[in-house]
Amino acid sequence: MVYEVIVGGKAGGKAHRLELEKAAAGWECRLDGQPVHIDAVIPRRDVLSLLVDGRAYEIKREQTATDLHLWVGSSRFAVELRDPRSLRSRQTTAGDEKGPRKVLAPMPGRIVRLLVAENSEVEAGQGIVVVEAMKMQNEIKSPKKGVVRQILAGAGMAVNPGDVLAIVE
Amino acid sequence: MVYEVIVGGKAGGKAHRLELEKAAAGWECRLDGQPVHIDAVIPRRDVLSLLVDGRAYEIKREQTATDLHLWVGSSRFAVELRDPRSLRSRQTTAGDEKGPRKVLAPMPGRIVRLLVAENSEVEAGQGIVVVEAMKMQNEIKSPKKGVVRQILAGAGMAVNPGDVLAIVE
Amino acid sequence: MFKKILIANRGEIAVRVIRACREMGIATVAVYSDVDRGALHVRKSDEAYPIGPAAAAESYLRMDKILDVAKRSGAEAIHPGYGFLSENAKFAQACADAGVKFIGPTPHSMKMMGSKTSARQQMEKAGVPFVPGTSRGLVSSEEGEEAAERLGYPVMLKAAAGGGGKGMRLVHSRQELHASFAAAQSEAQSSFGDSEVYIEKAIVNPRHIEMQVLADEHGNTVWLGERECSIQRRHQKVLEEAPSPMVDSDMRWRMGEVAVKVAQAASYTNAGTVEFLVDQQKKFYFLEMNTRLQVEHPVTELTTGLDLVHLQIRIAAGEKLPFTQSGVGIRGHAIECRIYAEDPDNNYFPSPGKITVLLQPSGPGIRRDSGMYEGWNVPMDYDPLLAKLIGYGSDRQQAIMRLERALYEYFVAGIKTNISLFQRILGDADFRAAKVDTGYLDRLIAKGNPAVVSSAPEREIEAMESIAAIAAGMFAVLDPAASVGKNGGAGGPGSTPSNWRQNGRSEALR
Amino acid sequence: MFKKILIANRGEIAVRVIRACREMGIATVAVYSDVDRGALHVRKSDEAYPIGPAAAAESYLRMDKILDVAKRSGAEAIHPGYGFLSENAKFAQACADAGVKFIGPTPHSMKMMGSKTSARQQMEKAGVPFVPGTSRGLVSSEEGEEAAERLGYPVMLKAAAGGGGKGMRLVHSRQELHASFAAAQSEAQSSFGDSEVYIEKAIVNPRHIEMQVLADEHGNTVWLGERECSIQRRHQKVLEEAPSPMVDSDMRWRMGEVAVKVAQAASYTNAGTVEFLVDQQKKFYFLEMNTRLQVEHPVTELTTGLDLVHLQIRIAAGEKLPFTQSGVGIRGHAIECRIYAEDPDNNYFPSPGKITVLLQPSGPGIRRDSGMYEGWNVPMDYDPLLAKLIGYGSDRQQAIMRLERALYEYFVAGIKTNISLFQRILGDADFRAAKVDTGYLDRLIAKGNPAVVSSAPEREIEAMESIAAIAAGMFAVLDPAASVGKNGGAGGPGSTPSNWRQNGRSEALR
């Protein structure tokens, strides 16, 4: 099996070519051409026990609707696995910095108040709306300097993670 | 939904007729015609949180290849669930007492020695073979008085639970 | 002894009280809101009754509903836990009126301690040291200016009915006082429905140290040692320890005796906590009394060997304290980490949701009081405390090392938790040297939140990245049912070994 | 301090030692047999190496392979745990020869204590009280008869190299002696490769009480209190507690001093346990010394507040004991339940296999040292100890109540465990009254193994049966993927909500 693995998140991630082949005992693996023998079992869902040259790793998998993270010890890595046979080149996210940016709800909660009006100018990091969840009021901030083109949130509204609260341009 | 539920093991089990119907909140249930309102959720696999008239039960399920047991608190009940529309009448196990009885391996292990020879007479409870597992030697006993018609186990053999070790008639 | 107790709470504390009751052979009655049907306290109780919708005001704060359940179920006593109705004197009174024993102090003691100004007046009489200031509410900002002049800046304006940092303002100079007074008043009014504000000399970078007391209903009061609670964020405690590294035996006795004096002045019964501010010169000042069991009571349990909830119940049942002050000994060191559902990478925003993976630590010196389980959906409606991880050791260093080991074993996926924050605190040189005050945690967080890896040498990070890359492939090969790549999710029953390829392709076609 | 330690063991004790190492910042090297690749100690270690097939003789008992791994990995010390090579003086010597520190006593001490007759001879010199008998092996049954005449019947024949009840025979009269001697000799020969047998006066229904000692390599030896270990089956301990309910402070000091004398007579270093038989008159007799960490060491840890594994490692690294005898205090009470994979409903037969469901207790006063996890396949090749559940309380009653609570929360499916046995013991009147001796457990089990329900009133059993019936239906409705009825199993991916009907039908067609 051959995979392309991006480790380190969409922005600064490094791409690796990973080849895996079942051996008599364990797996023969080539990471960016470098051969390494590994032994791996999944003792329980989302946990992988990996032995590489005697070194033992317990790797934990954290999967959300949008992301895959792997924990090696106490270190967390964003990981993306791709089929290298697909022709699609990786999208860069750099372009996003320039155009309109969405302000997203980071958690489920309720809008308690709006801190700015539509069309007002905001600095990067300035509060846009306040979302209450778990008895805490959380200021959701503008990701960039610009103008609040649209506010989609209203006081009292319930929101889910990923809901668009406002658009800053 | 209608079920026939046998509680208390194959031998002395009691049969109950259970009707379950989804209600606006919880379930309307009839057990042997007796109506009772229940609320039930499965917080995790094999665990059922059941509320009956305010009483709270955490019921645990223990399922093997052959049996289903439910734990209510620290009490364990053998349970069998049947489709009452099937015409099959319950098999009684009483007849087994008379005919030949199989001596089964109760756990995986290794035969360390045979304690009787074929065709020898044995008392109920007399040791037939010794199976070693987990560093313990376990005498597997005859389920009845009779003659050892056949011994299928040999010293050194590995056995799995349910394997027939001998037949006593 | 009571035959049945209702627990008017949820989460880890409800589970903790249910356990104590089971240990004492007492039946338990849980109450739950609509979103808590699957909560652990409902699973673990002997009886459970719904009391309304998610909003606490319509369920866990509804005295009438809770007393109605007590009546229906025949509960003889109510344990309020902490938060919710635990410090509500009206509820304690309503329990008494309904003939149900409230496990806590009398409404009278609660009322006296409920108002900070009335508590100050009472303690002034009893000769208890407290931060210089006014013990009555300020009538005007002019009165405040006079008092501030007398006390010397900086001063602190505080709401009489206060708590949780609301209605509190630090004032550095006369110029600021007028505006701050107005702001504190209005915040106090909107938060507590009571605009009374008083003034205190501000203690700069104080420590927050509290003393546990226990009083039976026969006039016996003892103290059980202090807890160091200086590690806070947004006035919320995050990590507590017992004993405090800065309190020696002499200071402990003096604080303990003052705490007993405070309790006696309030005719206090049951478990309570006397909070002190301690300045750089180790002078301590009475701050307030919490008239309930504290979240952090386990560190006292581990260092004294006592069970505070058992004792609360025994006291409420009319028993005498089974020991005197001389029978109380402090041994070893205990530290509690409050595991919150919040995102350390995103400004500690709350993080409710479904727990998809949960690996929990155990073993020597580790106590875990938890309200969560794998598969549970953490509701967004209540405070974010999921569990408490408490480490005990024969000394502070061993307690720290055991906690680090246990935190390493702790893993929660699906929601975010502050586990990594504790790894930072416990590894921090200032914490190790016990150089902490109430500003410590904000300073630590302000240093930035480097991923743990960034402190490791470059070579090691690369090695770990390689491991992560290999692991990603092995997960895909060995557990293909769980999806791969961005089109994640739990992988339905239709998932097949070749699923990742389809995912890969559909992405390519977008 | 060591940088890396190899743990020459498996199961809960390997996990426990790995945790101690992590707490001390020491890297760990695990070894595993083919059937233990997925075992918890492999998951938790920093390095792990295979050492051969399942059979212990080809893996965990292979000194050469283990020392080879130590060399390859650069481990500076080896912790042997208990069992396997832990009391093997040859292994300790081989470690020394290979320049790897063996965490335990010297080969010399181990050898002296390894033979019961040589230990008796040594202790006789040191003036330690032991059960009257011969301190040399018997040459003939005639010599045995003479000695028995002198001692008075009943007498006990014992293998010099013995342990675990092998090569042991209780002899009531002269008539039995000749045959018993031959049997004991032959069993000793086949079990230990050494037919030496000696004779002792038999103590009827003794208690088995042991004293923990700790000795550094600078001549300092302390005792840490006793453990009551009378609750045994087939000479295997099942439940242990500290302190022993029958030992008072005076007796504890006397036993402790004898234990220290024993250790010093053997030039003992590191952790060790001196076992005593105690008769009805509370006279105690030296039985043997176990030259390793005991399974039941946690009860001593909880009552002393110390970590014995940390201390073992520190001692092995050459550190001095950080306290003296006067610094050791016993507080509260601790009880350990050994959770074995065995079937209480089927003669306590071992029960290896896959753990399909695992609910584990935690909370106040509960320590869990476990080697199992949900989904793990318990191999048939090793002893059946899965985990240890230890309860601590401020007194014996509280420890019992907390354990009962925790056992109620403990649930293991897929394999059988002896959890219900502990529920019987802890609820038993004789146990509650501390009326236990080494025959106690056999007597309790002989009373029959009534299902827990049978002690409940008929009406309550019926009510529970109704609940079970309803629950069976609700499981089928809410979790139809898991199959229903006799054609059980975990329910493959093909399971559908109507699966149970098909099962029902196929049964009907048989």
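A note on names: the letters A, B, ... follow the listed sequences, proteins ahead of strands, and every chain is numbered from 1.
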Practice problem: Check whether D:Lys416 gets within reach of chain B through its side chain, its backbone, both or neither, counting any heavy atom under 4.5 Å. | Solution: side chain
Exercise. Answer with side chain, backbone, both or neither: which region of B:Ile59 has an atom nearer than 4.5 Å to a non-hydrogen atom of chain D?
Key: both
Tabulate below the donor-acceptor pairs under 3.5 Å that side-chain atoms of residues 463-471 of chain D make, not counting sequence neighbours, or state none.
from	atom 1	to	atom 2	distance (Å)
D:Glu465	OE1	B:Lys14	NZ	3.2
D:Ser466	OG	D:Glu462	O	3.1

Quiz item: Under the ring-ring contact (aromatic ring centres under 6.0 Å, His included) test, which residues partner B:Trp71, sequence neighbours left out?
Solution: D:Phe411
Practice problem: Mind ranking D:Ala56, D:Pro352, D:Ala413 by heavy-atom pairs under 4.5 Å with chain B and telling me who comes out on top? | Solution: D:Pro352
Quiz item: Is it the backbone or the side chain of D:Leu359 that comes under 4.5 Å from a heavy atom of chain B, or both, or neither?
Solution: side chain
Quiz item: Are B:Lys135 and D:Asp381 within salt-bridge range, i.e. N to O under 4.0 Å?
Solution: no
Quiz item: D:Phe475 versus B:Leu81: any side-chain heavy-atom pair under 4.5 Å?
Solution: no
Exercise. Might you point out which heavy atoms bring B:Ala40 and D:Met474 nearest each other, and give the distance in Å?
Key: CB-CE, 3.8 Å
Quiz item: Quick one: what part of D:Asn347 sits under 4.5 Å from any heavy atom of chain B, side chain, backbone, both or neither?
Solution: side chain
Practice problem: Output the residues of residues 371-378 of chain D for which the shortest heavy-atom distance to chain B is under 4.5 Å, in residue-number order; output 'none' if no such residue exists. | Solution: D:Glu374, D:Val378
Quiz prompt | Contacts of type ring-ring contact (aromatic ring centres under 6.0 Å, His included), residue D:Phe84, not counting sequence neighbours | solution = D:Tyr60
